[in-house]
> 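Submitted below is the structure of interest, expressed as structure tokens.
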Number of protein chains: 2
Amino acid sequence: MNKHINTVGSNTYQRIKHDIIYGELEPGTKLKLDGLKTRYAASLSTLREMLSRLASEGFVAAEEQRGFFVTPVSREDLIEITNLRVLLECSAVKESIENGDTDWEGNLVAAHHKLHLMEQKMLNGDETEKETWKRYDGEFHLAMIQACNSKNLLDIHATIYDKYLRYQMLVLTYRGQEAVDEHKAMFDAALARDAKLAQELLEKHIRKGVEHTLEKIFSVDE
Amino acid sequence: MNKHINTVGSNTYQRIKHDIIYGELEPGTKLKLDGLKTRYAASLSTLREMLSRLASEGFVAAEEQRGFFVTPVSREDLIEITNLRVLLECSAVKESIENGDTDWEGNLVAAHHKLHLMEQKMLNGDETEKETWKRYDGEFHLAMIQACNSKNLLDIHATIYDKYLRYQMLVLTYRGQEAVDEHKAMFDAALARDAKLAQELLEKHIRKGVEHTLEKIFSVDE
DNA sequence: CTTGAGAGAATTCTCGAGAAAATATAGTTG
DNA sequence: CAACTATATTTTCTCGAGAATTCTCTCAAG
């Protein structure tokens, strides 16, 4: 299915990134090279190379001569990430709806269908595949903006989305029917080529989801 | 003045990045590790680490098992970069104008003053310090958005701006009095706290500058 | 009881060497 | 002469070791 990238480097890169996003490496944790060496079975040089990459993407904080840390989380950071996501994704969805061809529509229909199936599963109480569900959610949002004609924008968006995803994983709340309806409404607006409506729905959708998250994570502490 | 970072790594990182932005390493060039090793006097591991970083920022293209290249330039890419810069910088300037405190105003006044002095020099035919001029230009634009309250946005903007700068350096045109007036108008709008006007002026300013560049680089070829 | 200095330990930073893969070259066959 | 194969060369990828730096703990002085 998905091509297996076989260098030690890109493998550990993906694993570390995954572990940060999905909370297995907790925010603020010191990433000691020697510890990572045993955990990921890679050499110091290789690890440094990948940590450097993750640092420039913002998942890792690097301090000169003092090592690497998992980037901490904070209320302010989540708000910044959210605003950026709204800005980028709303801009992209407009372009995408205006430029999208038949292939784009096809992929969008498929992505929404897969997401919808998973959402039904979740509504029925099956919470065994939260990670898969979130992946379909991401793929649906990506399908919406795929035709925006800007590789640069899609790249930046992907990173921002992953950062948003990390916050989601810290609580992993499911808004239920409400979110399902929002996805459907956005999907319909996109097929109807109503860019303005899609933008409005998208912004509300994103902000509502994050409010939910903000309350749960940063209600008392930090 | 500016603190000298002394590790071999960050030094070569800065030098390679500089050489890419200022065209000393031409777009598309194959970056052979062994060649870089002699040029920058650093080991393979260190070089790989820094090239990986530059790759994830988009200044270098990395192909699995096939090495590193200076990211190519293209008309489409410049247009994408421009649209992103407009999107990010206009959003940031609005926030900044609405939130900026006295410190922000002070820095902005200083940045505009320095830029203005340099522009006068350029108008008088002194073109010996183009790099300094472009630095002041960048610092002015940064000063405008500095108070936007989003580290994430400022980070992304900085990278996008550097990419824009590389295209500028490929031609290095000077629009003269026109650009000077535009800077002044934006500066005045910011001090008058007229966010909407500042946004409009900024978008026009950016797009005009790029049109100028587009014509010169991609008029015939590629 | 706090503060500072200094030795020792832990950690990061940098390097060159060997393994793995890709590219270029030469040789052979149809 | 073209196309394929085998070999040689180049280049990337990965690793562990040693140097440089930071951190930690102990102990003494005020």
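Quick note on labels: first sequence line is chain A, next is B, and so on, each numbered from 1.
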> Hey, which of these two, A:A42 or A:R66, hits DNA chain D nearer its 5' end, going by closest nucleotide?
A:A42
> Which listed nucleotide (D:dA17, D:dT14, C:dC15) is nearest to the side chain of A:L44?
D:dA17
> Which atom pair, heavy atoms only, marks the closest approach of B:I81 to B:K163?
CD1-CD, 3.7 Å
> Round to a whole Å and report the spacing from CZ of A:R48 to C1' of C:dT14.
9 Å
> Please confirm whether any donor atom in the side chain of A:S45 sits under 3.5 Å from an acceptor in the base of D:dC15, or the reverse.
yes
> Rounded to the Å, how far apart are B:R53 CZ and C:dC13 P?
11 Å
> CG of B:L36 versus C1' of C:dG16: gap in Å, rounded?
17 Å
> Nearest whole Å is fine: how far is D:dT12 C1' from A:N6 CG?
13 Å
> To the nearest Å, how far apart are B:L31 CG and D:dT11 P?
13 Å
> Can you identify which nucleotide, out of D:dT12, C:dC13, C:dC15, has its nearest atom closest to the B:K32 side chain?
D:dT12
> Look at the side chain of B:V8 and decide which nucleotide, out of C:dT14, D:dC13, D:dC15, has an atom nearest to it.
C:dT14
> Ring centroid separation for A:Y164 and A:Y167, is it under 6.0 angstrom?
no
> Please report the distance, rounded to the nearest Å, between CG in B:L47 and C1' in D:dT14.
16 Å
> Check whether any side-chain N or O of A:K30 sits under 4.0 Å from OP1 or OP2 of D:dC23, and answer yes or no.
no
> State, without any angle test, whether A:Q65 and B:T7 hold a side-chain donor-acceptor pair at a distance under 3.5 Å.
no
> Could you tell me how far apart B:D34 (CG) and C:dA17 (C1') are, to the nearest whole angstrom?
13 Å
> Should the pair A:H141 and A:H183 be assigned to parallel (<30°), tilted (30 to 60°) or perpendicular (>60°) ring geometry?
perpendicular
> Counting C-beta onward and ignoring hydrogens, is there a side-chain heavy-atom pair between B:N107 and B:Q146 closer than 4.5 Å?
no
> Looking for any heavy atom pair under 4.0 Å, which part of the strands does B:T46 touch: base, sugar-phosphate only, or nothing?
sugar-phosphate
> Starting at CG of B:L33 and ending at C1' of C:dA21, how long is that distance when rounded to a whole Å?
14 Å
> Under 4.0 Å between a side-chain N/O of A:S43 and OP1 or OP2 of D:dC15, yes or no?
yes
